[in-house]
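Comments concern the structure below.
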Amino acid sequence: MPRAKVVEKSPLFLKAVIEGAYPSLVNSLRRVLIAELPAMAIDSVVVVNNTSVMYDEMLAHRLGLIPLTTPLEALPPIEDCESGLADPSECTVRLTLQVTAEGEVTVYSGDLVSERPDVAPVYKDIPIVKLVKGQNITVEAYAKLGRARDHAKWQAALASYYYYPKVEVRDEKCREKCREVCKDLEDPLECTFNKAWTCKDLCGDGLAVEWDRYKYVFWVESFGNYDIETALREALRILKKKFTVFAESLSQRAAALQQTA
């Protein structure tokens with residue numbers, strides 16, 4: 001039975017040790033976190049007026065890459081938005097940006113005004129463009145629910161893992177040689193697999209480095225669209241649904257083969 005132990009956690013970051021799981025399962029969770037999580041992002045922009053030095057296309061591109069808060073509990077499931085089962089208006093949010101410079105000014109993500117307070121820029125200090133006196137930007141932007149598998153602007157999290165290293169110090173002189181690389185050679189969370197192999201190059205036979213095939217250090221970081229617990233909960237929901245659909249497809253295929261036999 002797979003087990004997980006949290007070793008570090010904050011609202012937007014989590015590191016855990018996973019034990020007793022196949023690499024394929026851990027990698028499936030990583031891929032879902034990177035590419036399948038739903039997030040709001042600006043997908044289309046109507047430029048009403050733009051007298052800045054920035055082209056309309058570049059302005060739209062920058063707006064699309066601004067991470068937006070995504071209240072999943074108040075939005076339809078991503079599957080319903082993609083299939084058309086949900087009302088399109090429930091999957092889309094309108095934002096406006098209107099700035100006229102009275103002097104030199106920087107337009108920030110915080111200047112975007114959303115029709116829904118719960119869907120807004122995560123960070124208010126992302127610079128969009130600089131204006132000088134008299135220049136104006138007036139745009140209407142439409143954010144929709146999407147996934148990073150379609151475009152990176154919908155990516156809500158990063159995730160990765162590495163095998164749990166096992167280090168055996170055979171020569172105490174290695175501790176001093178590797179102090180700048182790993183303060184504690186026998187702490188797998190401090191001395192990661194890559195660092196351990198760097199020490200191995202320095203120490204030679206004085207250090208033995210192995211890895212546990214079914215034990216991993218797994219970490220995930222949210223971009224702020226929602227907290228880390230929401231990201232993991234949604235990732236596990238999506239992964240469970242994929243397993244269910246796969247099992248049902250196998251059952252239907254097996255039934256079809258029996259009928260033709």
Side-chain angles (χ1 to χ4, degrees), residues 1-41 65-75 77-79 109 118-126 145-167 181-198 211-244:
M1 177 68 69
R3 299 183 300 276
K5 179 182 178 182
V6 176
V7 295
E8 184 180 345
K9 183 176 180 293
S10 68
L12 299 180
F13 179 82
L14 181 139
K15 180 185 285 187
V17 174
I18 300 176
E19 189 172 3
Y22 286 102
S24 55
L25 178 60
V26 179
N27 192 49
S28 294
L29 178 59
R30 179 190 70 85
R31 289 176 65 89
V32 168
L33 285 163
I34 291 175
E36 302 281 345
L37 289 181
M40 296 295 294
L65 294 178
I66 296 173
L68 304 177
T69 54
T70 305
L72 292 181
E73 69 286 349
L75 295 168
I78 181 65
E79 296 85 358
S109 54
D118 56 353
V119 178
V122 175
Y123 308 104
K124 310 299 182 183
D125 57 351
I126 299 175
L145 203 60
R147 308 195 209 211
R149 68 186 187 189
D150 298 318
H151 194 284
K153 64 186 175 186
W154 282 300
Q155 189 168 10
L158 287 176
S160 186
Y161 69 94
Y162 55 87
Y163 287 108
Y164 198 86
K166 294 188 294 185
V167 179
V181 180
C182 285
K183 294 181 180 179
D184 187 350
L185 283 173
E186 292 160 322
D187 181 0
L189 299 178
E190 166 63 29
C191 196
T192 63
F193 200 64
N194 289 337
K195 288 182 179 180
W197 272 106
T198 300
W211 50 277
D212 193 324
R213 182 174 176 81
Y214 300 110
K215 193 172 182 181
Y216 324 87
V217 178
F218 187 92
W219 63 265
V220 56
E221 182 176 0
S222 168
F223 289 140
N225 306 80
Y226 32 77
D227 60 59
I228 203 68
E229 291 186 8
T230 301
L232 285 169
R233 186 165 53 248
E234 182 67 12
L236 292 171
R237 181 193 72 82
I238 294 171
L239 194 58
K240 182 179 179 181
K241 185 168 184 176
K242 285 179 176 290
F243 289 151
T244 301

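Just so you know, these numbers use all the heavy atoms, side chains as well, and skip hydrogens, waters and symmetry mates.
- For the atom pair OG of Ser28 and CD1 of Ile238, the computed distance is 13.0 Å after rounding to the nearest 0.5 Å.
- No more than 12 heavy atoms of other residues, nucleotides or ligands shown are found within 6.0 angstrom of CZ on Arg31.
- Summarising the geometry, atom CD1 belonging to Ile34 is positioned 15.0 Å from atom CZ belonging to Arg147; distances are rounded to the nearest 0.5 Å.
- With sequence neighbours excluded, no residue forms a ring pair (Phe, Tyr, Trp, His ring centres under 6.0 Å) with Phe223.
- Within the 4.5 Å cutoff, side-chain heavy atoms of Thr70 are placed close to those of Leu145.
- To the nearest 0.5 Å, the span separating OH on Tyr123 from CD1 on Ile66 amounts to 13.0 Å.
- In this structure, OH in Tyr214 is found 12.5 Å from CG in Leu25, a value given to the nearest 0.5 Å.
- Nearest heavy atoms, Ala231 versus Leu37: O-CD2, 3.6 Å.
- Of all heavy-atom pairs between Gly224 and Val122, the closest is O-CG2, 3.4 Å.
- A salt bridge is defined here as a Lys NZ or Arg NE, NH1 or NH2 lying under 4.0 Å from an Asp or Glu carboxylate O, and Lys5 with Glu19 fails to meet this definition.
- Side-chain atoms of Pro121 and Leu68, non-hydrogen and from C-beta on, do get closer than 4.5 Å to each other.
- Annotation: side chain of Tyr164 is not in contact with side chain of Tyr216 (no heavy-atom distance under 4.5 Å).
- Annotation: side chain of Tyr161 is not in contact with side chain of Leu29 (no heavy-atom distance under 4.5 Å).
- Taken from CD in Glu36 to CD1 in Ile78, the straight-line distance is 9.5 Å, to the nearest 0.5 Å.
- Here the CG atom belonging to Leu239 is positioned 12.5 Å from the CZ atom belonging to Arg30, to the nearest 0.5 angstrom.
- Ser222 places no side-chain N or O within donor-acceptor distance of the main-chain N or O of Asp227, the cut-off being under 3.5 Å.
- In terms of heavy-atom proximity, Ala148 sits nearest to Trp154 at N-CB, 3.7 Å.
- With contacts defined as side-chain heavy-atom distances shorter than 4.5 Å, the pair Met40/Asn225 does not qualify.
- Around atom CZ of Phe13, more than 12 heavy atoms belonging to other residues, nucleotides or ligands sit under 6.0 Å away.
- More than 12 heavy atoms of other shown residues, nucleotides or ligands fall within 6.0 angstrom of atom NZ in Lys124.
- Counting only heavy atoms from C-beta outward, the side chains of Arg237 and Leu72 never approach each other to under 4.5 Å.
- Smallest separation of non-hydrogen atoms from Ala21 and Val26: CB-CG2, 4.0 Å.
- Ser10 approaches Ile228 most closely through the heavy-atom pair O-CG2, 3.6 Å.
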